[in-house]
There are 2 protein chains.
Amino acid sequence: MKKQPTREKLLDITFEEVYINGYTATSVDAILKKASVPKGSMYHHFKSKKELVLAMVVERLFPKMDAFFSYEIKENESITQSFRNTFLVVSKNRLLVTYGCPLYRLMVELSATDKEFDAVLSTKVNEMKGGIKAMLEQGISLGEFDKSLNSETFATYMLTSVWGILSLSPSLSSSKTFLIQSQYILDSLEAYKLT
Amino acid sequence: MKKQPTREKLLDITFEEVYINGYTATSVDAILKKASVPKGSMYHHFKSKKELVLAMVVERLFPKMDAFFSYEIKENESITQSFRNTFLVVSKNRLLVTYGCPLYRLMVELSATDKEFDAVLSTKVNEMKGGIKAMLEQGISLGEFDKSLNSETFATYMLTSVWGILSLSPSLSSSKTFLIQSQYILDSLEAYKLT
DNA sequence: ATTCAATTAGACTATTTAGTCTAGTGACAG
DNA sequence: CTGTCACTAGACTAAATAGTCTAATTGAAT
């Protein structure tokens, strides 16, 4: 087993700790202890706790979001079915169902008070919104949905309601309830369905 | 202007600070300074920071939730219309639209790591879910919705998706977008409508 | 007015926090 | 083999943190 470079190990552990405990409640010392990395090494690679977490957001959290929520549409598959598939994949991810969406949780904690975090996190939100919007627009142009469907606002609705459902207390969440709830989101698409 | 009792003042300021900054990022000293209350007084009334915030949750946050989201149904009004009215009231609440639901935000921050907070916050979530569930059941018995509507899961969906929509970054939130998004939630009810 | 409990006041403590500093180590180029 | 430089190591610092302690003050009852 090859030794993982210090910087990469720090990013991995930082993701885990911040995901579960949040930014403020995660101490640098806790990260260093769990990663078995001395302080000097960390401050050699990152100039502050905030820089470390911002790097983690870009290099770990964002790629994970891309993996969690795909906007792929398979051959001969309706857009609705593509959404359903994505929800199914999400429902099978134990971490997501238990602890909610890490991007959303960080945004809830920090966006109101830290403009820098808000700016970084918001770009990803807008990118994801754009991905869903493009799918909806494809559905419109393919005649699956009515032209009256506002792809911009509906995309935002899908994103935020999924996050809301996911990020409930772990004691109130389960894979099964997520799947049922996400079906209701698809129900609201029915109003705009043509075929 | 009558002087507000120390304990009450502390609960008020604690709500404001924890709502915006979160539990961990709010220091006892910051609360005391803003409330102009000396440390001894606070620790006379509450045995710890956690006790102070738990008291705030029960005595301030919960009543506010009751005020924010009412389950009242006016004479000659459909259940659907009652929901629409509630959403309209919520959309006019600047704090809610800007900073999201304080109950949900606290749950996102603490439920995964603190069982005591999770237990207290979850009771209110279940109570609110029960309120919505009762409205949906009334709608079923009055013939507004089909019996196939699962009032339990749909109530959870309504609650969590509203919170998800509300608790997005302040920089991405507005009263208008909330109103549009909440309409999509009502759209998903259409599938179960009879009249 | 006097007593007494409730409350206020804030200096103090122990711990944890993010961050600094300087000395060392090791790999690699010449 | 040697000099260099990126990285490691962890003791150290200053600030902030939650919480303690004892003395002073207040207000209500007698």
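Side-chain atoms are counted along with the backbone in the values below, which use heavy atoms only and exclude waters and symmetry mates. Naming: A, B, ... by sequence-line order, numbering from 1 per chain.
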With the threshold set at 4.0 Å, does a side-chain nitrogen-carboxylate oxygen contact exist between B:Asp146 and B:Lys193?
no
OP1 or OP2 of C:dA18 versus the side-chain N and O atoms of A:Ser48: is any pair under 4.0 Å?
no
Report the distance from atom CD1 of B:Ile31 to atom P of D:dT17, rounded to the nearest whole Å.
11 Å
Would you call A:Lys124-A:Asp66 a salt bridge at under 4.0 Å N-O?
yes
What is the distance from OH of B:Tyr23 to P of D:dT17, rounded to the nearest Å?
13 Å
Any side-chain heavy atom of B:Ser82 sitting closer than 4.5 Å to one from B:Met135?
yes
Under 4.0 Å between a Lys/Arg side-chain N and an Asp/Glu carboxylate O for A:Glu116 and A:Lys50?
yes
Could you tell me the separation between the CZ atom of A:Arg7 and the C1' atom of D:dA6, rounded to a whole number of Å?
15 Å
Within the structure shown, what part of the strands sits under 4.0 Å from B:Thr26 by heavy-atom distance: base, sugar-phosphate, or nothing?
sugar-phosphate
Please give, in whole Å, the distance from D:dA11 C1' to A:Asp29 CG?
13 Å
Interatomic distance where CD belongs to A:Glu17 and P belongs to C:dT17 [whole Å]:
12 Å
Residues touching DNA chain D, which here means a heavy atom under 4.0 Å, drawn from residues 36-45 of chain B:
B:Lys39, B:Tyr43
Residues that B:Ser91 engages under side chain to side chain donor-acceptor pair (under 3.5 Å), provided they are two or more places apart
none
Given atom NZ of B:Lys33 and atom P of D:dA18, what is their separation to the nearest angstrom?
15 Å
Can B:Glu127 and B:Lys133 be counted as an ion pair, charged N to O under 4.0 angstrom?
no
